[in-house]
K.L.:
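Have a look at the structure that comes next, please.
First listed ligand is number 1; within each ligand, the first listed atom is number 1.
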Amino acid sequence: MAVEFEKEDGILWFKLNRPEALNAINEDVVKAFRELINRIKTEKDIRVVVITGSGKAFCAGADIKMFSESDFFKAREIISELGKILDEMEDLDVPVIAAVNGYALGGGCEIAMACDIIIASENASFGQPEINLGIIPGLGGTQRLSRLVGWKKAMELCLTGERISAKEAEKLGLVNKVVAAEKLEEEVKKLAELIKSKSPYAVGFIKQAVNRGYKMGLKDALQYERDLFGLSFATEDAREGIKAFVEKRKAEFMKDRA
Ligand code: COA
C-alpha cells in the first residue's frame, strides 16, 4: 500500500509508504490523500492527524518516473487534484502535524507546508528542487514558502533548488521544532495528546481562523476572528471551560468533534 493509515485513540497517522521511491507522490498517494480528507470529514473521533513517511524520506516530491510517462494534461491533472486536497486540508477543523523524518523535497516540502505544525527530525532536509528538472513547484512551493520564510529566501530556494537542513529550516520559520530522530514519534505524540486535551470546537475554530484568516485581508480576517470567537463562546465547551476555571478544577471538554 502506498500509504498506511493507523488510528489510535483519536490520532490518525497517515504514513507515506513507498520507501523504495523515497515516498514519491504517485496516483495512489493522491487517492490516499482524498481518502484522508473523507475520513476526517466523516470520522468525528479523529482529533489530530499526523503525516509522516517510512524509511529515510518524508517525501521526495512527485514521482519523476510517473512524470516521465505523463503528458502536460496528465501532470497538471495529478498536481491540481493534490493541490486542491491540500487547500481543503488547511480549511478543515482538524489540526495536521507533519512529522518530517527525512527528505522533504518538492511536493514533500509542499505537503509539510500545508500541515499546521511541522516537527522535523535533525536529519531531515527541505528544498524545492523542481528547477533542476526544468519545471517549477506546483503545490505551494512558490506561494506558501514565501509567506513562511519571506519573499527573497523563497525566491533563492526555488531558483537554486538547494536543500537546507532541518536546523536552517527552523531558523527560517519553516519548521516549528527539530528533535532527535529517535524521539520524533514520541514528541509528535506528546504534541498531539496536548492538542487533543483541548476543546475540539476551540481547536477547530482556531485552525480555521488562522488558516483562512491568513488568506484574507487583515480587516476581513479580524472580522472573521470575531465571528468565530462568538461561535466558540456559544459552545458547551466554553461554558464548561469558564466554569471549571472559576471552580478551580480541570475542564472536561467534549471528546469528539461535532
Ligand atoms: N520520484 C521517483 N523516484 C524517486 C524520487 C522521485 N521524486 N526521488 C528518489 N527516487 C528514487 C530514486 O530514483 C531511487 O530509485 P532506484 O533505487 O530505483 O534508482 C530511490 O528513490 C532512492 O533514491 P536515491 O537518489 O538513490 O537516494 P539518495 O539518498 O542518493 O538521494 C535525493 C536522495 C532525494 C537527493 C534524490 O533521490 C533526489 O534528488 N530525488 C529527486 C527529488 C526531486 O527532484 N523532487 C522533486 C520532484 S518534482
K.L.:
Less than 4.0 Å from atom 17 (O) of ligand 1, is there any heavy atom belonging to the protein?
P.N.:
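No, there is no protein heavy atom closer to it than 4.0 Å.
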K.L.:
Does atom 7 (N) of ligand 1 have a protein heavy-atom neighbour under 4.0 Å away?
P.N.:
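It does: a protein heavy atom is found less than 4.0 Å away from atom 7 (N) of ligand 1.
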K.L.:
Please check: side-chain N/O of Asn23 versus main-chain N/O of Ala57, any donor-acceptor pairing under 3.5 Å?
P.N.:
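Yes, Asn23 side chain to Ala57 backbone: donor-acceptor pair under 3.5 Å.
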K.L.:
What protein heavy atom is closest to atom 47 (C) of ligand 1, reported as residue, atom name and distance in Å?
P.N.:
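Here the closest protein heavy atom is Ala62 O, 3.7 Å.
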K.L.:
Answer yes or no for atom 38 (C) of ligand 1: protein heavy atom present at a distance under 4.0 Å?
P.N.:
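So atom 38 (C) of ligand 1 lacks protein heavy-atom neighbours under 4.0 Å.
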K.L.:
Could you tell me whether Ile64 approaches ligand 1 through its side chain, its backbone, both or neither, with non-hydrogen atoms closer than 4.0 Å?
P.N.:
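The answer is both.
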K.L.:
What protein heavy atom lies closest to atom 9 (C) of ligand 1? Include the residue and the distance to one decimal.
P.N.:
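For atom 9 (C) of ligand 1, the nearest protein heavy atom comes out as Leu22 CD1, 3.6 Å.
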K.L.:
For atom 20 (C) of ligand 1, tell me which residue out of Glu20, Met66, Arg18, Lys65 has the closest non-hydrogen atom.
P.N.:
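Nearest heavy atom to atom 20 (C) of ligand 1 lies in Glu20.
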K.L.:
Counting only heavy atoms on the protein side, is anything nearer than 4.0 Å to atom 26 (O) of ligand 1?
P.N.:
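There is no protein heavy atom less than 4.0 Å from atom 26 (O) of ligand 1.
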K.L.:
Indicate whether atom 13 (O) of ligand 1 is within a distance of less than 4.0 angstrom of some protein heavy atom.
P.N.:
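Given the 4.0 Å cut-off, atom 13 (O) of ligand 1 counts as touching protein heavy atoms.
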K.L.:
Quick one: are the ring centres of Phe33 and Phe14 less than 6.0 Å apart?
P.N.:
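Here the rings of Phe14 and Phe33 have centres that are less than 6.0 Å from each other.
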K.L.:
Using distance alone, determine whether Tyr103 and ligand 1 share an N or O pair under 3.5 Å.
P.N.:
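Between Tyr103 and ligand 1, an N or O pair is found under 3.5 Å apart.
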K.L.:
If I apply the N/O under 3.5 Å rule, does Pro129 come out as touching ligand 1?
P.N.:
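In fact, backbone or side chain, Pro129 has no N or O that close.
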K.L.:
Just wondering, are more than 12 heavy atoms of other shown residues or ligands nearer than 6.0 Å to CD in Gln208?
P.N.:
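Above 12, so yes.
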K.L.:
When you measure from the side chain of Ser80 to the backbone of Glu77, do you find a donor-acceptor pair of N or O atoms at a distance under 3.5 Å?
P.N.:
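Flag not set: sc Ser80 to bb Glu77 has no pair under 3.5 Å.
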K.L.:
Note the single closest protein heavy atom to atom 35 (C) of ligand 1, along with its residue, its atom name and the distance in Å.
P.N.:
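Answer, as residue, atom name and distance: Arg163 NH1, 3.2 Å.
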K.L.:
Just checking, is any N or O donor in the side chain of Ser121 or Asn101 under 3.5 Å from an acceptor N or O on the other one?
P.N.:
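Judged by distance alone, the side chains do not pair up.
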K.L.:
Heavy atom under 4.0 Å from ligand 1: found in Ala60's side chain, backbone, both, or neither?
P.N.:
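Both the backbone and the side chain of Ala60 come within reach of ligand 1.
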K.L.:
Should you measure from each heavy atom of Leu105, which atoms of ligand 1 turn up under 4.0 Å away?
P.N.:
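Under 4.0 Å from Leu105, ligand 1 has these atoms: 34 (C).
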K.L.:
Output yes when a protein non-hydrogen atom is found under 4.0 Å of atom 23 (O) of ligand 1, and no otherwise.
P.N.:
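Given the 4.0 Å cut-off, atom 23 (O) of ligand 1 counts as touching protein heavy atoms.
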K.L.:
Using a 4.0 Å heavy-atom cut-off, say whether Lys56 meets ligand 1 through its side chain, its backbone, both or neither.
P.N.:
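Under 4.0 Å from ligand 1, Lys56 contributes side-chain atoms alone.
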K.L.:
Which residue and atom name correspond to the protein heavy atom nearest atom 4 (C) of ligand 1, and how close is it?
P.N.:
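It is Ala21 O, 3.7 Å.
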K.L.:
Can you confirm whether some protein heavy atom lies under 4.0 Å from atom 29 (O) of ligand 1, or whether none does?
P.N.:
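Looking at atom 29 (O) of ligand 1, one finds that a protein heavy atom does lie closer than 4.0 Å.
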K.L.:
Test of understanding: given a 4.0 Å heavy-atom threshold, classify the contact between Leu133 and ligand 1 as side chain, backbone, both, or neither.
P.N.:
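Near ligand 1, Leu133 shows its side chain, while the N, CA, C and O stay back.
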K.L.:
Quick check against the 3.5 Å criterion: does Arg257 have a side-chain atom that pairs as donor or acceptor with the backbone of Ile46?
P.N.:
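Looks like yes, one N/O pair under 3.5 Å.
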